[in-house]
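Taking it in order: structure first as structure tokens, then the write-up.
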Amino acid sequence: MAIVLEKVVETFYKNLEEGKITGKKCTKCGAVEFPPVYACNSCGCWDMEWVEISGKAKMHSIVMPAPLSSKPEYKALGKFAYGEIELEEGSRLNGVVRGINKKKRQEILAKGQLPVDVKAAIYQRDGYKTVVFDLVEE
Amino acid sequence: MNQTKVNKYLRSVSIIGVGCTPFMYTVDKEETNGLTDGEMFGYAALKAMEDAGVNPQDVDFYFHGEASPLNGSNYLTPNIQIANWFGMKGKASIHHSEACCTGYYAIEEAVNAVASGKYNCVLSGCVEFGDGVAVPGHPYKREKMTMERFLTTTAWLYDRAYTRSLMAGQELIYDDAAEWYKRTRGITDQEMDDTLNWMCINNRRNASKNELAIERTPYEDIAKEKGFDNVMDYMRSPYNPKMGDFLRAGGLELKCDGAAAVIVCATDMVDKYMGNKSHKPIEVLGVGCAAVEASNPHFEVRATEEAIRQVYEVTGVKPEEIDLFYANDFIITSHLIAAEIAGYLPYGEGWKYICEGRTAYDGDKPINTNGGRTSFGHAHAASGLADLYEAVRQMRGEAGEGQVKFTPKTTMLRGYGGAQNICTYIIRTID
Ligand SMILES: [Zn+2]
């Protein structure tokens, strides 16, 4: 397949406006790149196709926001934490997870529940939509 | 994660001279207020040449590193703006910038240039004005960098397309490594907090013996002055507040101004260049490099693992052969995790070595004998070469009061920065 000069980033954000969270899937090895990029980082193949991701994911680590690691506009997220996210499709990325405060983290760690289930959500920022995750409560 | 197989150099390269300015807040003192790029870089460069025993005309090429030239120096091409200052007019140079990792890539670049055979003797220097930034429109005036301006410019370190939008990668730099260490080693929050505090205390003890360091008052003295009998009570107090999830104020870099430089040459030409100098050359055995962008989980850990794997593989050096270790620790946790990943401290035990003071300059496993970024200071690009300057002094037995209790023969330095590059290398004294 030909290498195409393509607006991947704009498409990703436009898809979010339409309620779809999308990545790029490698046609050779099946790995999913999220967020989407030109080539597969697992096998190097650049024949990639758009896919909608299911949103199902696991959170493997929990770091709480603090004075250094927050911004005034993050207040709108409510209670949240940062951590390592693994999508059902296999990609791993650093993400924001809503629904976790210090007490909730304590509970999760005390029960040895990591990784916990989370679900991707579309979140409105100033001028564009992005992706955050929500803790899935049992 | 992708890996790289590193090949051996085409010829051996050695460090023959080093130079370093004090790390300073230049604007704060009359005698340093108004120092320029040429004066700072030029001082470090000439000191390195003097130390090596070479004349500027002997040097074939120079590398120039600066993390934030537009912000700190009002320059786009900072290597050219200083080209008349140290006797090398007309010689080629290049500028490179890998943020806080710049001073480590300074070695990678210089060694490659000589190992390839193109040049025989190369200068590599770095300068940074992390505290006193150039006033545009004036020939030498500087003004203090505000925290607001610093945060605005460090935001440029992160990918605009996705990382900034996703909000996590740029925030995890402060605490991700501490969370990872605590979880994977199974230690408590209290043990992690004590370990972070002991790294600050040890770094400061080291800096108290180093005349180039920016902050030299031991934490024990500061604690006493504030009415604490026990230094750890002070470290846990509101005087040292939690700024991150784990990180306290004392574990953050002291951003400042400084410059440092090194001269490297082909090892088989050492006698020609060093003339009557009597110190032993120090060979660069190998360099390992990796980069893991900040949206990737545990970026610092993963990139450090790969870079260290490369450098051990290409050099054949074993972790137990490393006598001395440096880690760029602008977030102090780096110092613990890098030393453990390198096998300089045993897996899961490194935190104990730190809490027992064994990693201070007078311990059996010294780390960051100059005081690291939290006490020696962080003139961003220049910090890596300042670490090398200190390592070379230690390996020559010239570190004075701060000399480690033995003569280190083999040293590893691990650079980190720029969301996120890792460059790690091993150097060994030639007998
Ligand atoms: Zn693939």
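Values in this document were obtained by computation on a predicted structure and should not be read as measured data.
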Chain A contact via [X] - which portion, at a heavy-atom distance below 4.5 Å:
| X | result |
| --- | --- |
| D175(B) | both |
| A294(B) | backbone |
| S165(B) | both |

State the [atom1]-[atom2] distance between [X] and [Y], to the nearest 0.5 angstrom.
| X | Y | atom1 | atom2 | value |
| --- | --- | --- | --- | --- |
| E179(B) | H60(A) | CD | NE2 | 11.5 Å |
| L247(B) | S69(A) | CG | OG | 9.0 Å |
| H298(B) | N94(A) | NE2 | CG | 7.5 Å |
| M64(A) | E171(B) | CE | CD | 13.0 Å |
| L252(B) | L68(A) | CG | CG | 5.5 Å |
| M167(B) | S70(A) | CE | OG | 10.0 Å |

(message) Using salt bridge (charged side-chain N to carboxylate O under 4.0 Å, His left out), reason through K102(A) and D245(B) one step at a time and then give a plain yes or no.
(response) CA-CA 10 Å; K102(A) 279 192 177 169; D245(B) 192 10; 5.1 Å; no
(message) When you compare the side chain of N296(B) with that of L93(A), does any pair of heavy atoms fall below 4.5 Å?
(response) no
(request) Please examine the side chains of V132(A) and L166(B), heavy atoms only from C-beta on, and report whether any two atoms are closer than 4.5 Å. (result)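 They are not in side-chain contact.
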(request) Could you tell me whether the side chain of Y174(B) and the main chain of A66(A) form a donor-acceptor pair under 3.5 Å? (result)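 Answer holds: no.
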(request) Tell me, for F80(A) versus chain B, whether the close heavy atoms (under 4.5 Å) come from the side chain, the backbone, both or neither. (result)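 Interface part for F80(A): neither.
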(request) Counting only heavy atoms closer than 4.5 Å, note whether L77(A) contacts chain B via side chain, backbone, both or neither. (result) side chain
(request) Quick one: which of K129(A), K71(A), R125(A) has the most heavy-atom pairs under 4.5 Å with chain B, could you say? (result) R125(A)
(message) Among R105(A), E86(A), E10(A), which residue has the highest count of heavy-atom pairs closer than 4.5 Å to chain B?
(response) R105(A)
(request) Step by step, work out the side-chain contact (heavy atoms from CB on, under 4.5 Å) result for L109(A) and K182(B). (result) CA-CA 12 Å; L109(A) 296 183; K182(B) 176 187 163 253; 4.2 Å; yes
(request) Report yes or no: do T130(A) and Y162(B) form a side-chain donor-acceptor pair below 3.5 Å? (result)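 Note: T130(A) and Y162(B) side chains miss the donor-acceptor criterion.
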(message) Looking at E148(B), I want to see if its CD is surrounded by more than 12 non-hydrogen atoms of other residues, nucleotides or ligands under 6.0 Å.
(response) no
(message) So for atom NZ, which belongs to K119(A), do other residues, nucleotides or ligands contribute more than 12 heavy atoms lying within a distance under 6.0 Å?
(response)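 Result for NZ/K119(A): enclosed.
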